[in-house]
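The figures that follow rest on heavy atoms only: side chains count, while hydrogens, waters and symmetry mates do not.
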Amino acid sequence: MKLEFKEGTKKERKMVPEGSHVARLYGCIDLGTQETYYGPTKQLALLFEFPDHTHVFREEEGPQPLGRTKIVTASLNEKSILLKILQGVNGKAFTDKDKANGISIDSMIGKACLISVSHNKGKDGNMYDNIEGVTPLPAGLPVKDQVNESFVYEITSGNKNWDRVPEWMKEKIKSSPEYISINGGSSE
């Protein structure tokens, strides 16, 4: 029997062009504590849609906005990436009173902003479109309606919105001590 090796057809990833684009924060996923270069760190995944950049992923759904995820440390330290992103989405800096009362990410879901995107080559040699910065939306700039349903997933909320979490993120979440603790010492 003779077998022939054929390279698989690599599906080209539809990328958001480099530059500044209108986007909308439509979701936030609690990833729990993850091992990082700096040690164990609590992380969040922020989900954005780009309404001006669409692609047909499934014929029956028609054109859908491209979406990108930014994983950040769950810290509101003055130098944190999360604080800078939330201020960009909020449209203004938070006051000391806001910070003292706590900042609700839930209240940011559905808000539009401008996102700066860059293209960088990953360790695997592939090109990726990365979210580099989030700034407030200029006044009067028109924004298309939101397409993706808004949602927030918190490990402590049980299974609420678990079905909305992408599979690769579920695997990360299942390895977190928070998830394991809630599930009686099991990652299943």
Side-chain angles (χ1 to χ4, degrees), residues 10-16 21 23-51 53-55 57-58 61 64-77 80-86 88-89 103-113 115-134 146-188:
K10 190 173 181 182
K11 204 169 157 181
E12 186 153 332
R13 185 169 186 257
K14 181 76 173 152
M15 293 183 31
V16 176
H21 307 280
R24 185 183 311 276
L25 177 64
Y26 75 90
C28 179
I29 298 172
D30 174 4
L31 298 174
T33 301
Q34 300 292 322
E35 272 306 316
T36 70
Y37 176 79
Y38 302 102
T41 306
K42 184 157 173 58
Q43 294 183 327
L44 300 175
L46 302 174
L47 288 71
F48 293 92
E49 68 177 24
F50 292 81
H53 300 286
T54 60
H55 183 71
F57 299 99
R58 292 185 196 97
E61 293 178 358
Q64 298 293 310
L66 295 179
R68 293 297 174 264
T69 300
K70 180 74 172 176
I71 295 177
V72 296
T73 299
S75 166
L76 292 176
N77 177 294
S80 75
I81 293 170
L82 177 59
L83 181 63
K84 291 174 185 162
I85 289 173
L86 293 179
V89 171
I103 297 169
S104 169
I105 293 179
D106 297 43
S107 67
M108 306 287 165
I109 303 295
K111 289 189 175 185
C113 57
I115 290 186
S116 177
V117 174
S118 69
H119 289 182
N120 307 95
K121 190 177 278 192
K123 292 177 185 175
D124 59 5
N126 294 324
M127 290 298 288
Y128 294 93
D129 45 357
N130 298 305
I131 295 173
E132 297 297 335
V134 179
Q146 183 172 332
V147 173
N148 291 295
E149 183 183 339
S150 295
F151 79 100
V152 172
Y153 169 77
E154 292 181 69
I155 293 173
T156 56
S157 67
N159 289 331
K160 183 180 177 193
N161 293 321
W162 180 249
D163 59 322
R164 303 282 315 277
V165 177
E167 286 303 317
W168 69 272
M169 283 190 204
K170 285 180 180 178
E171 294 308 312
K172 284 180 77 88
I173 293 167
K174 286 178 182 179
S175 72
S176 73
E178 295 89 345
Y179 185 90
I180 291 169
S181 172
I182 286 173
N183 289 289
S186 171
S187 63
E188 293 304 316

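Put simply, the side chain of V134 does not reach to within 4.5 Å of the side chain of K84, judged on heavy atoms. Using a 4.5 Å heavy-atom cutoff, the side chains of R24 and F48 are not in contact. Contact check for K121 versus N126: no side-chain heavy atoms found under the 4.5 Å cut-off. Side-chain contact between N130 and V117 is absent, with no heavy atoms from C-beta onward closer than 4.5 Å. Within the 4.5 Å cutoff, no side-chain heavy atoms of I29 are placed close to those of L44. A heavy-atom distance below 4.5 Å is found between the side chains of M169 and L31. Side-chain atoms of F57 and H55, non-hydrogen and from C-beta on, do get closer than 4.5 Å to each other. Side-chain contact between L82 and S75: absent, with no pair of heavy atoms (C-beta onward) separated by less than 4.5 Å.
Here the SG atom belonging to C28 is positioned 14.0 Å from the NZ atom belonging to K70, to the nearest 0.5 angstrom. Atom CZ of F50 and atom CD1 of I115 lie 4.0 Å apart (nearest 0.5 Å). Between atom CG of residue L25 and atom SG of residue C113 there is a gap of 7.0 Å, rounded to the nearest 0.5 Å. The line from CD of E171 to CD1 of I173 is 9.5 Å long, rounded to the nearest 0.5 Å. To the nearest 0.5 Å, atoms CD1 (I131) and OG (S118) are separated by 10.0 Å. In this structure, L76 CG and L86 CG are separated by 6.5 Å, a value rounded to the nearest 0.5 Å.
Contact detail for Q146 and G110: the closest heavy-atom pair is OE1-CA, 3.4 Å. What you find for A45 and T69 is that their closest heavy atoms are CB-CG2, 3.8 Å. The shortest non-hydrogen separation linking V72 to I85 is CG1-CD1, 3.9 Å. Considering all non-hydrogen atoms of both residues, S107 and S104 come closest at OG-O, 2.7 Å. Of all the heavy atoms in P65 and P51, the pair that sits closest is CB-CA, 4.0 Å. Between K170 and D163, the closest heavy-atom pair is NZ-CA, 4.4 Å.
In terms of modelled atom types and a separation under 3.5 Å, the side chain of K111 and the main chain of V89 share no donor-acceptor contact. Counting only distance, with no hydrogens or angles, the side chain of T36 and the backbone of Q34 share no donor-acceptor pair below 3.5 Å. At distances below 3.5 Å, not a single donor-acceptor pair connects side-chain atoms of Q43 with backbone N or O atoms of G32. With hydrogens and angles ignored, the 3.5 Å screen pairs no side-chain donor or acceptor of N161 with any backbone N or O of F151.
Ring orientation note: the planes of Y179 and W162 are close to parallel, at an angle under 30° on the 30°/60° scale.
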_Does Q64 form a side chain to side chain contact (heavy atoms under 4.5 Å, CB included) with V147? I'd like the steps, not just the answer._
CA-CA 8 Å; Q64 298 293 310; V147 173; 3.3 Å; yes
*Go through T33 and E178 one step at a time and tell me if the side chain to side chain donor-acceptor pair (under 3.5 Å) criterion holds.*
CA-CA 7 Å; T33 301; E178 295 89 345; 2.5 Å; yes
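Screening K14, R68, H119 for a side-chain hydrogen bond (donor to acceptor under 3.5 Å, both in side chains) with D129, the sole residue that qualifies is R68.
Within a 6.0 Å radius of CD1 in I103, more than 12 heavy atoms belonging to other residues, nucleotides or ligands are found. In K160, the NZ atom is not crowded: 12 or fewer heavy atoms of neighbouring residues, nucleotides or ligands sit closer than 6.0 Å. Applying the 6.0 Å contact sphere to CG of N77 captures more than 12 heavy atoms from other residues, nucleotides or ligands.
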